[in-house]
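First the structure, in the form of structure tokens, and then the observations on it.
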Amino acid sequence: MAPGRKPSMGQPTGPEAGERAYAAMIAKARALVPRLRERAARTEELRHLPSETEMDLHEAGLFRMLQPARIGGAELDYVALVDCAELLGQADASVAWNLANLASHHWMLGMFEQKAQDLVWGRDPDALIASSFIFPAGRATRVEGGYQLRGSWPFSSGVASCEWNMLASVVYSDDEADGIEYRIFLLPKGDYSVLDTWNVAGLRGTGSCDVEVRDVFVADHMTVAVGDLSGGPTPGSTVNPNPLYALPVFSLFPYVLSGVALGNARACLDDYTEVARHRISTYNRAKLSDFQSTQIKIAEASAKIDAARLIMRSACLDAMENARLGHIPGMATKTRYRRDGSFSVNLCTEAVSMLFAASGARGLFTTGVLQRQFRDAHAINSHLAFNFDAAGTNYGRVALGLPSENLTL
């Protein structure tokens with residue numbers, strides 16, 4: 001067994017085996033919540049995950065929840081991303097954000113050519129892979145055997161802990177008739193520089209720094225075209241036939257991170273409810289739990305959070321079922337996935353904002369968790385994947401018979 005490689009979790013052989021593997025992973029995530037919550041303030045101060053937190057996630061196998069079983073990964077269904085991120089998000093949104101991000105890259109690597117998979121996982125199946133999927137940030141040109149790549153990418157979460165990085169770029173051609181192509185490039189950390197730019201108000205512990213590539217060669221097998229990730233067989237399908245690796249990547253992109261918003265909102269609601277049970281108003285000594293306004297806000301926030309969970313999980317389960325049947329979703333379905341991903345996170349943000357406002361001056365103290373949950377909620381919602389104006393506009397265009405404006409779908 002290669003150094004650092006964990007024993008294989010095994011390929012599930014049927015529904016019951018898959019359910020047991022899923023339940024075991026959920027139990028491991030839940031067990032980490034208390035200690036991650038205790039470290040949350042320190043994680044913010046560091047601006048990246050503490051080494052002991054990374055070790056906890058490695059030992060629990062959470063980074064490898066979607067990694068192919070042939071490598072020793074759990075190869076769980078896609079919905080595990082939402083469910084595990086929700087649990088960890090109840091402790092610390094920054095931890096949940098990095099866990100979901102980095103776990104999803106094992107899933108995406110399973111769609112690259114086998115040669116790329118062997119190069120990364122052959123060295124270390126636990127190796128972490130960062131990313132930045134901002135295509136205009138890079139410029140690639142075709143050369144013999146591969147591509148020349150350069151650019152500067154923001155928001156590469158957890159990059160300091162990673163040995164590799166998936167960077168998105170536009171591929172330009174001298175012949176305008178060829179148009180442009182969207183492509184993802186897999187680079188070892190020696191091929192890019194990390195710029196310490198992550199000084200922010202929310203998700204402070206994610207270490208989502210900029211990365212810069214001066215001018216490097218990337219071999220063909222270390223790249224994948226976005227068009228090959230739109231649903232159905234991928235370059236990695238020959239060795240990873242599970243329908244998990246035939247999902248439409250960028251249609252489902254919101255659900256990589258949506259569970260983080262869900263867990264953060266759930267924690268905010270639980271904390272608010274617990275305080276309201278016992279708190280006495282500063283001004284008239286009345287019990288907050290007796291106020292009708294308090295009761296209504298708890299009801300409204302919980303309804304938003306429960307609805308968000310149903311929407312997120314439904315999309316993931318629907319996508320997996322389509323993949324198992326060999327169905328490639330049409331553009332109407334793909335834009336619906338994006339619409340629902342942004343809408344559900346917006347519901348979580350609304351719930352947190354409402355509870356923060358209802359908490360009054362108590363929520364302002366930096367010694368409490370509510371102000372962090374508020375900042376993290378809005379930091380999550382600022383991601384383009386959760387911009388409902390963008391997702392809603394594109395859904396409406398397609399519903400009206402117009403072409404999609406999202407070139408990654």
Side-chain angles (χ1 to χ4, degrees), residues 1-29 57-81 83-84 99-131 162-166 184-188 219-225 228-249 252 256 316 319-326 328:
M1 184 173 292
R5 181 166 180 174
K6 295 180 172 58
S8 172
M9 300 175 191
Q11 169 70 50
T13 56
E16 291 185 1
E19 289 171 7
R20 287 195 299 271
Y22 167 83
M25 191 68 74
I26 290 295
K28 290 176 181 178
L57 297 174
H58 274 299
E59 290 181 349
L62 287 165
F63 284 124
R64 301 173 67 182
M65 71 177 87
L66 300 187
Q67 187 186 46
R70 68 183 185 86
I71 307 298
E75 202 168 301
L76 299 178
D77 282 359
Y78 192 73
V79 73
L81 270 180
D83 293 343
C84 288
L99 179 277
N101 252 308
L102 302 181
S104 76
H105 302 149
H106 279 302
W107 166 63
M108 290 182 64
L109 180 54
M111 303 180 192
F112 277 67
E113 290 185 25
Q114 182 181 358
K115 193 173 180 180
Q117 298 179 42
D118 291 346
L119 182 59
V120 175
W121 290 328
R123 294 180 186 176
D124 181 6
D126 286 310
L128 298 179
I129 307 165
S131 73
C162 297
E163 296 296 313
W164 299 85
N165 209 317
M166 290 181 179
I184 297 171
F185 298 81
L186 180 59
L187 280 66
D220 277 325
H221 64 271
M222 300 299 286
T223 78
V224 66
D228 288 336
L229 305 179
S230 59
T234 67
S237 293
T238 54
V239 290
N240 300 318
N242 189 321
L244 174 66
Y245 306 105
L247 293 173
V249 170
L252 296 173
V256 171
C316 295
M320 280 299 309
E321 181 61 22
N322 273 327
R324 287 193 177 97
L325 295 172
I328 299 175

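Note that the structure is a prediction, hence the values are computed from the model and not measured.
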### Query
Looking only at heavy atoms, what is the nearest atom pair of Pro125 and Ile71, with distance?
CB-CG2, 3.7 Å
#### Entry: Side chain proximity check, Tyr245 to Pro68, heavy atoms < 4.5 angstrom
yes
### Message
So, using side-chain hydrogen bond (donor to acceptor under 3.5 Å, both in side chains) as the criterion, who are the partners of Tyr22 when residues are at least two apart?
### Response
Asp83
### Task
Would you kindly say whether Gln117 and Asn240 are connected by a side-chain donor-acceptor distance under 3.5 Å?
yes
### Query
How many angstroms lie between NE2 in His105 and CG in Leu109, if you round to the nearest 0.5 Å?
10.5 Å
### Query
Using a distance-only test with no angle check, is there a side-chain donor-acceptor pair under 3.5 angstrom linking His106 and Trp121?
yes
### Task
Verify side chain to side chain contact (heavy atoms under 4.5 Å, CB included) between Asn165 and Leu186, making sure each step is shown before the conclusion.
CA-CA 6 Å; Asn165 209 317; Leu186 180 59; over 6 Å; no
### Query
If we only count heavy atoms from C-beta on, is the Val120 to Phe112 side-chain gap below 4.5 Å?
no
### Message
Test of understanding: with ring-ring contact (aromatic ring centres under 6.0 Å, His included), list the residues that count as partners of Phe63, not counting sequence neighbours.
### Response
His58
#### Entry: Check against side chain to side chain contact (heavy atoms under 4.5 Å, CB included), Leu229 and Val224
CA-CA 8 Å; Leu229 305 179; Val224 66; 4.0 Å; yes
### Query
Could you give the distance from CE (Met222) to CD (Glu113), rounded to the nearest 0.5 Å?
10.0 Å
### Message
Going by side-chain hydrogen bond (donor to acceptor under 3.5 Å, both in side chains), name the residues that satisfy it together with Thr223, two or more places apart in sequence or in a different chain.
### Response
Arg183
### Task
Only counting residues at least two apart or in another chain, list the ones meeting salt bridge (Lys or Arg N to Asp or Glu O under 4.0 Å) with Glu163.
Lys189
#### Entry: Shortest non-hydrogen contact from Cys162 toward Ala130
SG-N, 3.4 Å
#### Entry: Rounded distance (nearest 0.5 Å) linking atom CE of Met65 with atom SG of Cys84
4.0 Å
### Query
How far does CG of Asn242 sit from CG of Leu66, to the nearest 0.5 angstrom?
10.0 Å
### Any residue meeting side-chain hydrogen bond (donor to acceptor under 3.5 Å, both in side chains) with Asp77, in chain and number order, not counting sequence neighbours
Arg324
## Note on the structure
In terms of heavy-atom contacts, Gln67 and Gly72 come closest through OE1-C, 4.1 Å
### Query
Does the side chain to side chain contact (heavy atoms under 4.5 Å, CB included) test come out yes or no for Met108 and Met166, once each step is laid out?
CA-CA 9 Å; Met108 290 182 64; Met166 290 181 179; 4.0 Å; yes
### Message
Are the side chains of Leu102 and Leu99 in contact, using a 4.5 Å heavy-atom criterion?
### Response
no
### Query
CG of Leu76 to CD of Glu19: how many Å apart, nearest 0.5 Å?
12.0 Å
## Note on the structure
Closest non-hydrogen atoms of Leu81 and Ser104, given as atom of the first, atom of the second and distance, are CD1-CB, 4.2 Å
### Summary
In terms of heavy-atom contacts, Ser230 and Pro248 come closest through O-CB, 3.4 Å
## Note on the structure
Between the CG atom in Leu187 and the CH2 atom in Trp164, the distance rounded to the nearest 0.5 Å is 8.5 Å
### Heavy-atom check, side chain of Asp228 versus side chain of Met111, under 4.5 Å
no
### Message
Asp220: which residues meet the salt bridge (Lys or Arg N to Asp or Glu O under 4.0 Å) condition with it, sequence neighbours left out?
### Response
Arg142
### Task
Let me see the working for Tyr78 and Leu252 under side chain to side chain contact (heavy atoms under 4.5 Å, CB included), right down to the final yes or no.
CA-CA 9 Å; Tyr78 192 73; Leu252 296 173; 3.8 Å; yes
